[in-house]
There are 2 protein chains.
Amino acid sequence: MAAEPFAIVEEKAEEAKPLRADAQRNRDRLVEVAAAVFAERGIDASLEEIARRAGVGIGTLYRHFPTREHLVEVVYRREVEALCAAAGELAQKHPSDVALEQWMQRFVDYIATKRGLATSLRILLTTNSTLFSDTSGRVSQALRQLVEAAVAEGTIRGDVDASDVLHALFGIYSAPDTPEWRDRSRRLVSLLMDGLRFGAAKSARA
Amino acid sequence: MAAEPFAIVEEKAEEAKPLRADAQRNRDRLVEVAAAVFAERGIDASLEEIARRAGVGIGTLYRHFPTREHLVEVVYRREVEALCAAAGELAQKHPSDVALEQWMQRFVDYIATKRGLATSLRILLTTNSTLFSDTSGRVSQALRQLVEAAVAEGTIRGDVDASDVLHALFGIYSAPDTPEWRDRSRRLVSLLMDGLRFGAAKSARA
DNA sequence: CACTAAAACGGAGGCGCCTCCGTTTATTAC
DNA sequence: GTAATAAACGGAGGCGCCTCCGTTTTAGTG
């Protein structure tokens, strides 16, 4: 099951063809650097800067990502994936209610970095509807996993489900974009958790 | 009521301040040229080409229209306005049913030039919701005027109103973007008119 | 008319986008 | 190992974006 020369499907590649070693290296590097640069300069950051910082030529960037949108999409998907993967890790390391709370705080942090980009991102998400449904599906799945575990273990009340919580988070997301947004949102998550813990079966089975 | 030196509101200016003569001239020129260039090269046409063709410097273009969107918006509004103004003119020159038909054909022509730009325009219209409501309101008002006149004169049947016709036109608009779109749409308008004329009170009062 | 202040002009310059293609590098075959 | 070839690299070059500021034009005033 390791890397066989004739393996039809291999572990790393997204879909079809195996990339040459240097190509794969550069591609990974570009995505990583792009995430950093987009975060610090916004979604309109210079692609030439990204290439420069990644130590590759601009031509290489364009070969891997023919348009800015391609690059943004890959970065975005990667970040959503990391956010969702964190759900599993948190669930292992903490009691179920704490895992849920920490994940929601992380969700807030994640959204915070996207706030300024709202318009551009919204355009991307409406233009590319697959991206939207893929990622929002993935996020609510992660949340459901956490909520259901917490309900099953009795660390939060039983009369709510994942979509209730998702609604609450959506409220946070669509709050106006003031400077205090982040702090306010963190407090709202705490508040929400207090509400969720209230009336829970006190005995966690874990 | 003519041009008084101290007139508080004057005829030409859109809103507040009277432009200097050369400024007004250049602005008008730019809008006119921009309409032509957008039509022939698409909404992403070079702004430098527009300035060049209008015989002004690029700086002048940017002073009048700080972003591409500003320019596009003004051009778009102007075209919608022309389309709507045509309703009144047609109504004077032709019997009411003919006026309606010709206006709808012109509507089709107008949409035809916008087809390729669909994505960019849709973004603009969703980003700038005032633009959307202003213009769509204006268009349906023009249509209503024509339909009601034709119904009143008995040149089309009495059991339809403007919103029915608008619905029909919307169907044309959202038809897939094939090469035959224009011809097909013209035929659809004819078809629609035949249906509208069927059962009309034969005696037009005009 | 001349004079002046304010408004408008316009294009050079700096930067980013993106393509194209000569050069380099990884891989495969021997 | 070497050779061959396909893949990938990278940056120069051409074009467009947009700002900035020295120059020109207009509208007012006497």
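Chain letters run A, B, ... following the sequence lines, proteins first, then strands; residues in each count from 1. Because only heavy atoms are used, hydrogens play no part in the values below, and waters and symmetry mates are left out as well, while side chains stay in.
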- To the nearest angstrom, how far is A/Q24 atom CD from C/dT25 atom C1'? 16 Å
- Message: Contact list please: residues 40-66 of chain A against DNA chain C, heavy atoms, distance less than 4.0 Å, in numerical order.
- Response: A/A45, A/S46, A/L47, A/E48, A/I58, A/Y62
- Are any of the side-chain nitrogens in A/K93 or A/E89 under 4.0 Å away from the carboxylate oxygens of its partner? no
- Task: For B/F65, enumerate each residue passing the ring pair (Phe, Tyr, Trp, His ring centres under 6.0 Å) test, keeping only those at least two apart in sequence or located in another chain.
- Result: none
- Item | Closest nucleotide among C/dC9, D/dA27, D/dG10 to the B/A21 side chain | D/dA27
- Query: If only atom types and distance count, is the side chain of A/R115 paired as donor or acceptor with the main-chain N or O of A/Y173 below 3.5 Å?
  - Reply: yes
- Side chains of B/D109 and B/Q105: donor-acceptor distance under 3.5 Å anywhere? no
- Could you state the CG-C1' distance from A/L19 to D/dA6, rounded to the nearest angstrom? 14 Å
- Message: Between A/N128 and A/E73, is there a side-chain donor-acceptor contact under 3.5 Å, judged purely by atom types and distance?
- Response: yes
- Using the closest heavy atom to pick a nucleotide of DNA chain D for each, name whichever of B/R20 or B/T67 lands nearer the 5' end. B/T67
- Distance-only, no hydrogens or angles: does the A/S174 side chain make a donor-acceptor pair with backbone N or O of A/F170 under 3.5 Å? yes
- Message: Output the rounded distance in Å from CG (A/L30) to P (D/dA8).
- Response: 14 Å
- Task: Calculate the interatomic distance between B/D22 atom CG and D/dT23 atom P; express it in whole Å.
- Result: 19 Å
- Message: Please tell me if B/N26 has a side-chain N or O lying less than 4.0 Å from either OP1 or OP2 of C/dA8.
- Response: no
